[in-house]
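Since this is a predicted model, take the numbers as computed values, not measurements.
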Amino acid sequence: AQEQTRPKIQLLTPQIEIDKALLRDEDLLNEEHLRRMDQTLLRRNLDHARMFSRKLSLELQQFVHLYTPEANELQRRIQKYMIMERMIEREMARRHTY
């Protein structure tokens, strides 16, 4: 009998890990860290948070007809980025730079 070989599966880096590399969550979800960021970095992080939440929203639309763990995870990540957006916006408003 001929032995069947299974195809090798390449494990992908989870998207949440990719996101963390780009957005340092611990900084963006911490009001004290936001206060210490300079204006340019604060604005750049706001752009990143907005970009990721919009990108994830588009991904979520693909799962809208399904009740899947993937859709639930996307929704959780969107909510996280929206919280980041609000925190950054609040800090910019506090500085009167928004």
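- For Glu89 and Arg50, the salt-bridge test passes: some basic side-chain N is under 4.0 Å from an acidic carboxylate O.
- Judged purely by atom type and a 3.5 angstrom limit, Arg95 uses its side chain to pair as donor or acceptor with the backbone of Arg35.
- A heavy-atom distance below 4.5 Å is found between the side chains of Arg43 and Met92.
- Between the CD1 atom in Ile88 and the CG atom in Asp47 there is a gap of 9.0 Å [rounded to 0.5 Å].
- Distance check, rounded to the nearest 0.5 Å: CD of Gln61 to CG of Leu74 gives 11.0 Å.
- Tyr81 and Ala49 get closest at one heavy-atom pair: CB-O, 3.8 Å.
- The side chain to side chain contact (heavy atoms under 4.5 Å, CB included) test applied to Leu41 returns Met37, Asp38, Arg44, Asn45, not counting sequence neighbours.
- Within the model, atoms CZ of Arg76 and CG of Leu56 stand 10.0 Å from one another, a figure rounded to the nearest 0.5 Å.
- By the side chain to side chain donor-acceptor pair (under 3.5 Å) test, Arg36 pairs with no residue at all, sequence neighbours left out.
- At a threshold of 4.5 Å between non-hydrogen side-chain atoms, the residues Glu59 and Lys55 count as touching.
- The structure places OG of Ser53 at 11.5 Å from NZ of Lys80, a figure rounded to the nearest 0.5 Å.
- The side chain to side chain contact (heavy atoms under 4.5 Å, CB included) search around Gln75 returns Leu60, Gln79, not counting sequence neighbours.
- At a threshold of 4.5 Å between non-hydrogen side-chain atoms, the residues Met87 and Glu31 count as touching.
- Under the salt bridge (charged side-chain N to carboxylate O under 4.0 Å, His left out) criterion, Arg54 pairs with Glu85, not counting sequence neighbours.
- Residues satisfying the side chain to side chain donor-acceptor pair (under 3.5 Å) test with Arg90, not counting sequence neighbours, are none.
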